[in-house]
Amino acid sequence: MITVSHLTKRFGDRAAVSDLTFSVNPGVVTGFLGPNGSGKSTTMRVILGLIRPTSGSATINGRPYRELEFPMREVGALLDAKAVHPGRSARHHLKSLATANAISAQRVDEVLDIVGLTDVADQRAGKFSLGMSQRLGIAAAILGDPGILMFDEPINGLDPEGIRWIREFFQSLADEGRAVLVSSHLMSEMSLVAERFIIIGRGQLIREGSRDELAKASDQFVFVRTPHRETFKEIAARENWAYREEGETFVLEHVFASEVGEIAFAHQLPLHELSTKSSSLEDLFMKLTADSVEYVGKQRERRKGANR
Ligand SMILES: Nc1ncnc2c1ncn2[C@@H]1O[C@H](COP(=O)(O)OP(=O)(O)OP(=O)(O)O)[C@@H](O)[C@H]1O
Ligand SMILES: [Mg+2]
């Protein structure tokens, strides 16, 4: 289990992480989401003992990283896939990590096989594509068979096949009872990979919850079609329903479909459609983090002003 408690990290007078508290439990893939510059990598680096917190703490199974005897056996991490020495082969890279952590050479072959790099294991890592480098980074992370895994933006730049592989692989790690923390700045990427989400903005926790909990917090829209449009508008005005028109369809917010159906029935108003749709997790993420985005493009500014 990873426990982050009231973590603050300042660089000069600027706080990259502010009073951040969360935990990452075994058996689940947890998505760590936030816009660029929101403090995801900084948090992960503190957890791995690479930088010291200004205040607060981060622990691995109750102990700070620096106190772990064989860190790679408790926590594995991929922070930067391109950090491997370019002249080294994948096998050489993994073997030197294994030796330093008292891990058997046989395990190197095993992890090469798990990530599908056996055939290219003796090629120089500098020649690897981004996808291959990500796989090598993942191989290094699982080398010590740790119960806790952290991956910083592992999906960045992968093709659809690579994304599918990662999704299934992370799920299998969680199914084996491991705690898996995966960061991303894209909810569209993470919504299929993670089951729980920790959303941060400007170094602070914005929202935490399971997929279902977040789905409940998403906006609900009721879609209505009727041949008697003017009557519907009169009823909507009387009932104070907020709606917009999309072609033939009325899209209502802040009202239940059951209520619309019953009132329409009471007025003998025929409905050709009455349905409910939730906005996507991606819409929710954009809404939650809209004020935390550091560099807002013009297009985005306009969208922020619009209704959806
Ligand atoms: N070593 C450092 N010195 C000074 N400022 C830093 C340092 N590392 C990070 N920062 C700043 O801290 C903030 C958080 O950065 P961080 O890299 O943790 O964000 P991130 O969520 O990982 O972003 P991204 O999605 O772009 O990877 C940023 O404003 C960044 O510029
Ligand atoms: Mg980062």
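Atoms within a ligand are numbered from 1 in the order they appear, just like the ligands themselves.
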request  = Give the ring-plane orientation class for F221 versus F223, where under 30° counts as parallel, over 60° as perpendicular and anything between as tilted.
outcome  = perpendicular
query = Is R196 salt-bridged to E213, cutoff N-O under 4.0 Å?
reply = no
request  = Output the list of atoms in ligand 1 that are nearer than 4.0 Å to some heavy atom of S41, sorted by atom number.
outcome  = 17 (O), 18 (O), 20 (P), 22 (O), 27 (O)
Distance filter under 4.0 Å to S38 heavy atoms, resulting ligand 1 atoms = 19 (O), 20 (P), 21 (O)
task = Can you sort out which atoms of ligand 1 are near E153, meaning under 4.0 Å from one of its heavy atoms?
result = 25 (O)
ask   = the Mg ion (ligand 2) to S41: any N/O/S contact under 2.8 Å?
value = yes
ask   = Taking the six-membered ring of F128 as reference, does the NZ or CZ atom of R135 fall below 6.0 Å from its centre and within a 45° cone about the axis?
value = no
message = Measuring from non-hydrogen atoms of M44 to any atom of ligand 1, is the shortest distance under 4.0 Å?
response = no
query = Backbone N or O of A102 within a donor-acceptor pair of the R73 side chain at under 3.5 Å?
reply = yes
request  = Nearest heavy atom to atom 28 (C) of ligand 1 wins, so pick from A16, S183, G37.
outcome  = G37
message = Strictly below 4.0 Å, N to O, side chains only: are K233 and E245 in salt-bridge contact?
response = yes
Short N or O distance, T43 and ligand 1, threshold 3.5 Å exclusive = no
request  = Could you tell me whether a side-chain N or O of Q134 sits under 3.5 Å from a main-chain N or O of P154, the two making a donor and an acceptor?
outcome  = yes
inquiry  = For V24, is there any backbone N or O sitting under 3.5 Å from a side-chain donor or acceptor partner on T30?
reply    = no
inquiry  = So for G34, does at least one of its heavy atoms come nearer than 4.0 angstrom to any atom of ligand 1?
reply    = no
message = Does any N or O of ligand 1 fall below 3.5 Å from an N or O anywhere on H185, backbone included?
response = no
remark   = atom 15 (O) of ligand 1: of T42, L33, D152, L186, the nearest heavy atom sits on T42
